[in-house]
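Contents: one structure, followed by commentary.
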There are 2 protein chains.
Amino acid sequence: MSADRFTPETTRLDDAARAGWLYYVAGNTQDQIARKLGVSRQSAQRLVAMALSERLVKVRLDHPIGRCMDLAAALTDRYGLTLAEVAPSDPEAPDLLAGIAIAAAALLERVLKSPERRIVSLGTGRNLRAMVEQLPRMTCPQHVVVSRLGNMMQDGSATPYNATIRLAERIGAPHFPYPLPVLARDPAELAAMQAQQAARNTIDLCARADLSLVGIGQMDMTAPLHVDGFLSEAEMAELARAGAVGEITSWVYDAQGRILDCAFNRRVASAPLPCRPARDVIALASGQSKLPAIRAALAGRLITGLVTSEATAERLLD
Amino acid sequence: MSADRFTPETTRLDDAARAGWLYYVAGNTQDQIARKLGVSRQSAQRLVAMALSERLVKVRLDHPIGRCMDLAAALTDRYGLTLAEVAPSDPEAPDLLAGIAIAAAALLERVLKSPERRIVSLGTGRNLRAMVEQLPRMTCPQHVVVSRLGNMMQDGSATPYNATIRLAERIGAPHFPYPLPVLARDPAELAAMQAQQAARNTIDLCARADLSLVGIGQMDMTAPLHVDGFLSEAEMAELARAGAVGEITSWVYDAQGRILDCAFNRRVASAPLPCRPARDVIALASGQSKLPAIRAALAGRLITGLVTSEATAERLLD
DNA sequence: CCATCGGAAGGGCAAATGCTCAACCGCCAA
DNA sequence: TTGGCGGTTGAGCATTTGCCCTTCCGATGG
């Protein structure tokens with residue numbers, strides 16, 4: 001091998017390294033490098049490009065954001081997402097809402113800046129509500145905000161964390177609350193509800209939404225559906241036996257991310273949740289307890305994007 | 001500081017980091033970055049430039065350039081060193097700080113990766129400071145950083161380029177500043193100072209340091225000791241007559257690398273500099289003006305390793 | 001309240017860069 | 001010798017980038 005020291009290959013790589021050093025570390029232009037190494041400008045360019053393609057130069061970003069962006073790139077890559085945002089975790093409060101809310105707000109703001117009409121559909125949840133609070137006031141009468149699910153509990157009272165109304169107020173856009181409750185009593189009642197013109201119109205809007213932002217619910221004893229009284233402990237247990245690990249806008253799915261064909265889902269009145277959606281469906285979710293639910297949603301391609309925390313992203317990539 | 005999380009300053013740096021990542025790691029063009037971050041092309045350019053100027057992006061060249069390797073091998077061979085690193089020189093700026101700093105940072109990083117406790121002692125100087133800036137953030141509470149000399153001028157003000165504190169901050173390790181000034185007024189004062197418990201403890205740590213990184217000072221009119229006001233011109237001349245050619249952590253030595261037995265050295269309060277040290281003492285130094293000082297340090301085996309520039313290495317081997 | 005000022009944003013342009021393509025060189029085999 | 005072929009080179013051109021200069025915005029102080 002020592003004979004290789006002077007083969008063209010080695011010298012070329014050496015020159016590439018030298019060119020890369022002069023370019024990236026010493027800050028020369030390719031013209032200067034060409035003169036210093038005694039080659040043409042084009043050759044210098046090729047050497048610099050080679051230093052890059054042969055991975056001789058290693059670039060590292062020394063900022064907390066750098067790590068997050070590495071994680072986000074790994075997430076999009078591994079799960080075939082169109083978008084991933086990872087908010088830095090505070091080591092002392094690893095799944096603080098604020099980071100995710102800010103990241104998601106920035107994302108939403110970019111969409112809302114469009115002069116074209118955009119239909120934005122929203123689920124429910126603390127994350128979405130916090131996101132809206134982080135959004136600056138804007139004037140966007142050209143857009144439309146629509147809710148993907150009802151905000152009425154079974155007793156007729158409103159659920160907390162209604163993000164749709166707040167968002168519409170904040171950006172001055174027309175909005176469509178979801179005209180049905182979360183759950184129908186039975187499939188027959190559901191069919192009757194969905195036949196109403198207002199319902200059909202809203203569901204249609206949801207299907208055509210350019211951007212949908214949703215939360216992800218876990219299915220343990222802290223499940224939002226349980227805490228909010230939509231599911232009794234017995235029902236929870238039954239769903240668990242059927243393989244339920246998570247829910248998005250009340251649609252319950254299993255570990256492969258398949259919407260379960262079960263009695264509960266047959267009563268869900270929320271807008272249908274497309275599998276492998278054609279338009280952006282972005283979930284906001286983080287936390288140890290939601291991990292299985294997030295994993296399943298990613299596996300089943302129920303979402304095209306994810307906004308999460310650094311800590312959660314790391315665990316998703318384990 | 002946590003309240004600062006949302007100040008414009010922080011957000012701006014974050015954005016700069018994002019832009020830098022997208023540009024240098026993900027290979028986006030500035031146009032794409034502008035679209036993704038929702039800003040104008042010019043702003044994206046400014047963010048990328050900021051990522052560079054704020055030293056958020058670190059570039060490292062991962063290739064042993066043949067010529068530098070040869071020089072390094074020749075240096076270890078000729079001077080009996082345990083380690084030599086030679087950074088490529090830009091012919092027009094032969095002794096750029098950056099190359100040496102990066103090489104030394106890589107070296108230090110390898111040591112810091114050890115899970116075992118390591119004691120690292122540092123001298124002062126631009127090179128050391130630049131090295132610390134090149135080091136990535138790490139978490140190494142197992143190590144200890146200790147300064148080999150004071151950072152107080154005679155008037156009590158702090159010298160610039162304090163590397164110890166920066167290093168300790170950056171790697172999250174406990175650190176020991178040097179509790180004495182650079183010079184005592186006279187030998188009697190020195191003895192009194194060195195009797196203090198804190199001083200004895202720190203000096204002992206320096207003696208046990210697994211790795212010591214130091215600069216080398218020349219003894220001409222640009223001498224650090226003179227520029228920083230520790231040596232008057234008259235004193236400089238006297239030391240020159242006594243044969244002084246260089247200094248390490250303020251200990252002045254002659255052309256054979258022998259620590260001079262002179263009035264000045266009897267006032268130096270820095271940690272003692274062992275001749276033919278048993279543990280690694282590595283100097284960072286380059287430049288025409290430092291050549292005699294480097295040669296002498298090598299001849300007298302005051303150091304076990306050297307990180308220098310290509311141009312300086314060549315001259316040392318002449 | 002208005003005038004002033006500093007910093008950030010955007011337009012425009014010149015320099016730097018990346019890429020394609022045709023020409024060329026050396027090598028091998030017919 | 002000659003033709004073909006892989007690979008390298010340099011010219012030309014489109015894109016990208018860096019920078020200057022003007023404009024705009026918000027803060028500050030009279």
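All figures in this text were calculated on a predicted structure; none of them were measured in a lab. So that the names make sense, note that chain A is the first sequence line, chain B the second, and so on, each numbered from 1.
- Atom-to-atom, CZ of A/Arg41 to P of D/dA11 comes out at 10 Å; the value is rounded to the nearest Å.
- As a whole-Å value, the separation of B/Gln42 CD from D/dG18 P is 12 Å.
- Checking side-chain atoms of A/Thr312 against main-chain N and O of A/Gly287 turns up a donor-acceptor pair under 3.5 Å.
- Between A/Glu310 and A/Arg315, none of the side-chain N atoms (NZ, or NE/NH1/NH2) sits under 4.0 Å from a carboxylate O, so this pair counts as no salt bridge.
- Residue A/Gln30 has a polar side-chain atom (N or O) positioned under 4.0 Å from OP1 or OP2 of C/dG18.
- In this entry the distance linking CG of B/Asn28 with P of D/dT15 reads 18 Å, nearest Å.
- The existence of a salt bridge linking A/Arg67 and A/Glu314 is confirmed by a sub-4.0 Å separation between a basic side-chain nitrogen and an acidic carboxylate oxygen.
- A salt bridge does not link A/Asp31 with A/Lys36: every distance from a Lys NZ or Arg NE/NH1/NH2 to an Asp or Glu carboxylate oxygen is 4.0 Å or more.
- The main-chain N or O of A/Thr164 is never found under 3.5 Å from a side-chain atom of A/Ser147 such that the two would form a donor-acceptor pair.
- Phosphate contact (OP1/OP2 of C/dG18, side-chain N/O of A/Gln45, threshold under 4.0 Å): present.
- Nucleotide D/dA11 holds its P atom 12 Å from the CG atom of A/Asp31, rounded to whole Å.
- Between the side chain of A/Arg46 and the base of D/dG10 there is at least one donor-acceptor pair of N/O atoms closer than 3.5 Å.
- The listed nucleotides are C/dG11, C/dT17, C/dC13; the one nearest the side chain of A/Thr29 is C/dT17.
- Atom OH of B/Tyr23 is separated from atom P of D/dT15 by 17 Å (rounded to the nearest Å).
- Using a 3.5 Å distance cut-off with no hydrogens or angles, the side chains of A/Asn162 and A/Thr124 do not pair a donor with an acceptor.
- Within a heavy-atom distance below 4.0 Å of DNA chain D, no residue of residues 47-58 of chain B is found.
- Phosphate proximity of D/dT9 to A/Ser40: absent, as no side-chain N or O sits under 4.0 Å from OP1 or OP2.
- Phosphate proximity of D/dT8 to A/Ser43: absent, as no side-chain N or O sits under 4.0 Å from OP1 or OP2.
- A donor-acceptor contact under 3.5 angstrom links the side chains of A/Ser212 and A/Arg148, judged on distance only.
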